[in-house]
Structures are given as C-alpha cells and as structure tokens.
Amino acid sequence: MKIFLILVICISIFYLGVCFSKYYKKKLIFFNNLLNFCEILESQIQFKKITINQIIVENLNLFDFEFKQFLNEYYLKNNYNYSCMFLNSNENLIVKNFFKSLGKFDVKGEINNLKNQQNLLKIKQAEINDKNNKIGVLGTKLGSLCAILVFIILI
Amino acid sequence: MLKDILPEKVFNGVSEIDQNLLNEIRLRNNRPIVVNVSGKNFYLNEYGVSTNPQDALKCDGGFINEIIRKVSNNSLYSINDQLINGYISYDGGIRIGVAGEIVSEHNEISTVKNINSLNIRIPHIVKNCSLNCYPLIVQNGQVNSTLIISSPGAGKTTFLRDLTMQISKRNLSVNILVADERGEISGGNNLVLGDNVDVYLNSTKQYAFENGIRSLKPDVIVTDEINLENDLEVIENALTCGVKVIATIHAKNIFDLKLKKNFSNILNNQMFTRFVVLNSNCGPGTVEGIYNQNLNCIYC
C-alpha cells in the first residue's frame, strides 16, 4: 500500500512537470498554426479573393485542435469573448487584434496588413520558442528529477 | 437571405411586409428608410410600412456599415471589385446599389469609402411570366435573338430568367450560356436555371462571350443590361458565329430605343429578330408588345 501511494505521488509530480512543459509547447504550436494561417490567407486572398470564412472552412483540417477550436469559436461563431486558456491576456490580445484587423482593406491593403501582422507574430513566436526551450523542456526534466527524489526520500 | 444582411431593427420591419411584394429597400445616411412595395414607396418602421416620416426608422451610419460587413462576410477585399462598379451582388440574386465617396489612385478607382446610400433590390421568380411570349421567341425549336426592353424595375431580369428556364426546360438540345455580370440572373448561381445551362458568374460580357463561344459551344447566350456602345462588338461576333443572343436593355419603349446611339447598327444588321417591350403598368413584367426585326408589332 505504501509503495502504491509513493508511486501515485511520484507519477503526479512527473505529470505536473510534463503539463508545465506542454503549456509552453501548446503556445508554440498555436502561434505556429497562426503563422501558417497567415500564409494560407495571403495566398488564397491573392488567388481566389474568397472570404475569410470560406478560407477558414476550406482549411480547418490543416490545423491543430486548439487553433481549430479558436477559429471555430472566435471567428466562425462570432464568440468574441472566447479566449485560449493556455495563452496569457497579452497573448490573447495579440491574437484577437490580429483577427480584428482582417478583412478591412482591398487585396493590396490586406496583403500589406497580413505582412505587418506576420512580422509581429513572428516576434511573439520567437519569444515563446525561446521560453519553451528554456523553461518548457526544463519542466519535464524537473518533474522527473523531483519524482525520483521524492521516491528515494519516501521509500 | 435578408435576415443575414439586415440589421435586426430593419429586418423586424421588413419581415412584416409581404416578401412577394417587396422590391427595394433604400437606406440613406441619416434619412428615413424607404421601401418599395408593389411599385410604390413607403417609409419603413418597426411594424412594417408607413406613410408618416415621423415614425419611420432612420438609417444611421452603423446600419450601412453593418450591412456592408455582413454582405462581405467581414472580407471587404472580396467585394471591392464590385464596389468599384457601384454595386454588390449577394446570394439569391440580391443586388445592392452603393453610393459613396470614390477613392482614386493613378486615375483609377480603387474603392468606395464613406458609403452613404444603399439600394437593396430583391429579385423575384415569377414562374411562367414569359410563357405568353415563348411561342414568338422560340419557333420550331429555333431560338430568335431577342432584345428585352424596359425601364429600370419593370421586370426585365425576372422575364429573362424565366425565359431561360422555359427554353432550357423545353429544349434539352439547346445549350445555353448565361453571362451573368452581376449575379442577378442566376441568383449568384444559387438558382437552378436548367439542365443545359452554363453560367459565367461575375465576368465581363466580353470575357463570357469570347471564352464561352470558344470553350462551351453554346447555342444561345443570355445576358443582362447590354450597353450599345461597349457590348455591340461582342454581340455581333457571337451572332456571326451562329450563336443566338437574348439580352436586356434599358429603354422605355421602342421609340426611345431608336434614339440610342448605335441602334441603327442593330436594325440594319438585323442582329435581333425579336424585341420584347415590358412595362410595369399592371405590375412589373407586363408585356407591352413584341416586335420583329423590322419593328413591326407581332404581339400587342
């Protein structure tokens, strides 16, 4: 019974570490998806001139779950209060401002706007990537180490 | 359809009107909203129509912006080419006329800003409205090149759409090409015109005629609102290729048509062999007369 409890505690600590690193990974994947979306928008707007809604619907399956859910709730269902739990308020604001800036210009203006937005998003992506490499990876390692330490102490 | 594009307050009023009789909704910035019902104009209020401007719904800038946003689906670039030409086509053949401030760049119009007037025209399908004229337009399976003439709002497009449907329904071997410049004939390609109908949507007449003849081998080309100065050449070219043309033109009657520049070319070359004149005396689409290539009345 004691060993079982110790194992549960250790696994929980390890899991916490994994979750911590996943938090950063999710952010990174979200911003990678957002940048991919920018490129899709750029090419589709220039080529087909179809609406943003149509572009989203046609390409929804290309994205990961969280970004897909965001597109669905925020843009397609017009639920403007929707926020991603794993993004902080500043990051949520950046993403929402990006979507608010869409669809207000002619093709030339829209492409220029997308390029500007892409530059801003790339800066944010680099920042998150940096944090992910520094802190995110550490989370799994720290979780494993703590789990082993707790196991040794408690056994 | 209207629910998707109108602000809630406006839609509430419009929904009280018989949709079969509603022709137009006119929104002008800071002015009362006006609707055209059965050819007559009324003010719109929250409970339907009114003759009193005091209780009419007033259009604020927000209404117009909301409609533009909804029609473009939050993607202004997707309708900018239409805006430049002064209209927006919407699903179901709804056409929205636009007036505002023109923005130019290098002597070319780049967009329209500060839009202050909208005219939302609601199309109607009047089944079999062209049936009376059909035997004079299609004889022994051969379609006569036909020009449909009327002043704006007298049912040209409705007549043209029904005529296309009738020809398609009765003559499977006749391939019809619809050059739908503004999406009105085919309702933005949402209406089923027939099993042997191809549609060029939002294309210029020149593109549709030239490429259509080359690639789709139509027997009849149907198009709306021709301009005798710009479109005559492509129509002439189609006719010399053996393709029949059914088109519409703005004119009050055959006498007004004669005054138009280049009309003598049409007559001398016998480009059209039938002229259908419509008026709205007994409601839009009333046939005033049908004339042959010599402008002799064959149906009055």
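Naming convention: chains lettered A, B, ... in sequence-line order (proteins, then strands); numbering from 1 in each chain. Just so it is clear, the structure is predicted and the values come from calculations on it, not from any experiment.
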Do [X] and [Y] have side chains that get closer than 4.5 Å, going by heavy atoms?
| X | Y | result |
| --- | --- | --- |
| A/V95 | A/F30 | yes |
| B/I33 | B/I25 | yes |
| A/T51 | B/N74 | no |
| B/V192 | B/V197 | no |

Heavy-atom pairs under 4.5 Å with chain B are the metric here; pick the option from A/L102, A/I55, A/I50 that has the most.
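Most pairs with chain B among the choices: A/I50.
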Can you say whether the rings of A/F63 and A/F67 are parallel (under 30°), tilted (30 to 60°) or perpendicular (over 60°)?
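Correct class here is perpendicular.
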Heavy atoms under 4.5 Å from chain A: which residues of residues 77-86 of chain B carry them?
B/Y77, B/S78, B/N80, B/D81
Polar side chain donor-acceptor pair, B/N116 to B/N29, under 3.5 angstrom
no
Select one option (side chain, backbone, both, neither) describing which atoms of A/K108 are under 4.5 Å from chain B's heavy atoms.
side chain
The single option from B/L163, B/T157, B/T164 passing side chain to side chain contact (heavy atoms under 4.5 Å, CB included) against B/R161
B/T157
